[in-house]
Every structure is written in C-alpha cells, then in structure tokens.
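Because only heavy atoms are used, hydrogens play no part in the values below, and waters and symmetry mates are left out as well, while side chains stay in.
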Amino acid sequence: MKFSVFLIAIACMSCSQKQLYQIGQEQQKNACIKHAMTESEYRECLRAEQVSHKEYKKIRQQVIEDK
C-alpha cells in the first residue's frame with residue numbers, strides 16, 4: 001500500500017490541483033466500493049454525487065472567507 005501511494009505521489013508531481021482533486025475523488029469512490037457490504041451500498045457508492053473541482057474551490061474559498 002505504501003509503495004503504491006509513493007508511486008502515485010511521484011506520478012503526480014506534475015499534476016495540477018484539479019488532477020489531484022480528481023484522483024482523490026476516485027480513491028474515495030474506490031474505497032467506498034471496496035467496503036460496501038451489500039448490493040445497495042455498492043449502488044450508493046456508484047451513484048454518489050461528486051463535487052466538481054470548480055464547486056469545491058468555491059466552497060473552500062467561502063469557508064476561508066468566513067473564518
């Protein structure tokens with residue numbers, strides 16, 4: 001596991017923030033699918049609404065401004 005994280009880190013050194021965000025979203029989806037115990041949980045993982053990078057940046061900026 002640590003080795004794969006290391007390889008991803010090396011591969012992403014030239015990645016943009018958007019690409020890194022998308023990789024993180026995909027990792028979360030894969031983890032959800034891996035830990036799904038029932039068919040309905042699996043389907044929920046597949047249907048999970050993912051926030052676009054643009055929307056994520058808006059939300060993040062709002063949180064920063066509200067502090």
Side-chain angles (χ1 to χ4, degrees):
M1 179 67 178
K2 289 181 182 181
F3 184 71
S4 63
V5 171
F6 175 74
L7 288 177
I8 291 170
I10 295 296
C12 289
M13 290 180 115
S14 64
C15 292
S16 69
Q17 287 182 351
K18 183 177 181 179
Q19 289 169 321
L20 291 173
Y21 177 77
Q22 290 169 335
I23 290 169
Q25 291 288 300
E26 191 64 31
Q27 289 286 10
Q28 286 181 339
K29 181 179 178 181
N30 289 340
C32 180
I33 290 169
K34 181 179 179 180
H35 293 100
M37 299 292 238
T38 64
E39 182 66 28
S40 63
E41 287 177 351
Y42 174 79
R43 286 193 303 264
E44 185 66 30
C45 292
L46 295 178
R47 286 193 308 263
E49 180 89 20
Q50 292 187 349
V51 176
S52 71
H53 184 256
K54 185 176 181 178
E55 186 64 25
Y56 163 77
K57 283 176 56 177
K58 284 182 189 177
I59 294 167
R60 183 177 181 272
Q61 188 62 39
Q62 186 64 45
V63 168
I64 291 170
E65 290 173 2
D66 288 347
K67 284 188 175 182

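- A distance of 7.0 Å separates CD in Gln22 from CD in Gln19, rounded to the nearest 0.5 Å.
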Check residues 50-63 and write down every donor-acceptor pair under 3.5 Å in which the side-chain atom is one partner and the other belongs to a residue at least two apart or another chain.
{"unit_1": "Ser52", "atom_1": "OG", "unit_2": "Glu55", "atom_2": "N", "d": "3.1"}
{"unit_1": "Gln61", "atom_1": "NE2", "unit_2": "Glu65", "atom_2": "OE2", "d": "3.3"}
{"unit_1": "Gln62", "atom_1": "NE2", "unit_2": "Asp66", "atom_2": "OD1", "d": "3.0"}
{"unit_1": "Gln62", "atom_1": "NE2", "unit_2": "Asp66", "atom_2": "OD2", "d": "3.4"}

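- In the hydrophobic clustering (ILVMFWY side chains linked at under 4.5 Å, chained through shared members), Met37 stands by itself.
- Summarising the local packing, OH of Tyr21 is surrounded by more than 12 heavy atoms from other residues, nucleotides or ligands at distances under 6.0 Å.
- Every residue two or more places apart in sequence or in another chain that forms a side chain to side chain donor-acceptor pair (under 3.5 Å) with Glu44 is listed here: Arg47.
- Shown here is Gln17, whose CD atom has no more than 12 heavy atoms of other residues, nucleotides or ligands within 6.0 Å.
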